[in-house]
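What follows is a short report on a single structure.
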Amino acid sequence: GSKLKPDIVIYGFFANDFLDNLIFERGHTDSSRNWLYKNSMLYRLVKFIKNYYLEGRNFQTYEAYGKKFIFDSAFYDNSLFELEDKKMTDSAKLPLSKLKNLTTENNATLIVVFIPYREYFYQDFIQNSSLYNFNFGVTQFNLICEELKLSCIDIRDSFESKIKNGSDV
């Protein structure tokens with residue numbers, strides 16, 4: 001995109017980018033399964049079906065505002081976040097730092113928008129939601145923004161008000 005010489009670059013940073021970056025990083029050093037997970041939608045689908053139907057993983061179906069969703073509680077396991085917190089933060093910081101340098105070199109303004117997990121908004125509809133960490137990423141994202149001196153926007157409040165008015169997220 002730098003060939004286009006934009007004045008503003010808006011980058012959407014999803015909360016699950018922390019975990020995705022860690023999986024991608026492991027994919028370069030660990031097993032081929034991590035590489036497949038990162039690069040193959042077919043592999044992800046087969047893995048999902050295997051976990052959901054064959055291994056009885058703790059998936060929940062929940063309904064919110066007339067829509068049905070599937071929730072994988074393993075993704076929000078607090079112990080995973082505690083163990084991997086620094087690694088996930090560091091792996092997310094690197095691409096943002098590179099993007100900041102690239103936009104600065106091209107005299108563009110970088111704005112990073114934080115997009116939380118869908119379940120953050122629908123946690124009242126999930127059984128035992130108090131057991132899970134739906135806020136993961138918020139603190140880490142804010143720390144990265146401060147450290148790298150990025151212009152960052154957290155859209156949780158805006159999305160929450162839209163949901164309460166009947167809009168989808």
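Because the structure is a prediction, the values reported are computed rather than measured. In this chain, residues are counted from 1 in sequence order.
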The reported gap from CZ in Phe141 to CG in Leu96 (rounded to nearest 0.5 angstrom) is 7.5 Å
CG/Leu99 to CG/Leu94 distance, rounded to the nearest 0.5 angstrom? 11.0 Å
Pick out which of Ile153, Val138, Asn142 makes a side-chain contact (heavy atoms from CB on, under 4.5 Å) with Phe114. Val138
Mind checking whether [X] and [Y] have side chains closer than 4.5 Å, heavy atoms only?
| X | Y | value |
| --- | --- | --- |
| Thr109 | Val9 | no |
| Leu110 | Tyr11 | yes |
| Val113 | Ile10 | yes |
| Pro116 | Ile155 | yes |

Distance-only check: which donor-acceptor pairs under 3.5 Å involve side-chain atoms of residues 144-151, not counting sequence neighbours?
residue, atom, partner, partner atom, Å
Glu147, OE1, Lys93, NZ, 3.2
Glu147, OE2, Lys93, NZ, 3.1

Just by distance, do the side chain of Asn106 and the backbone of Ala108 share a donor-acceptor pair under 3.5 Å? no
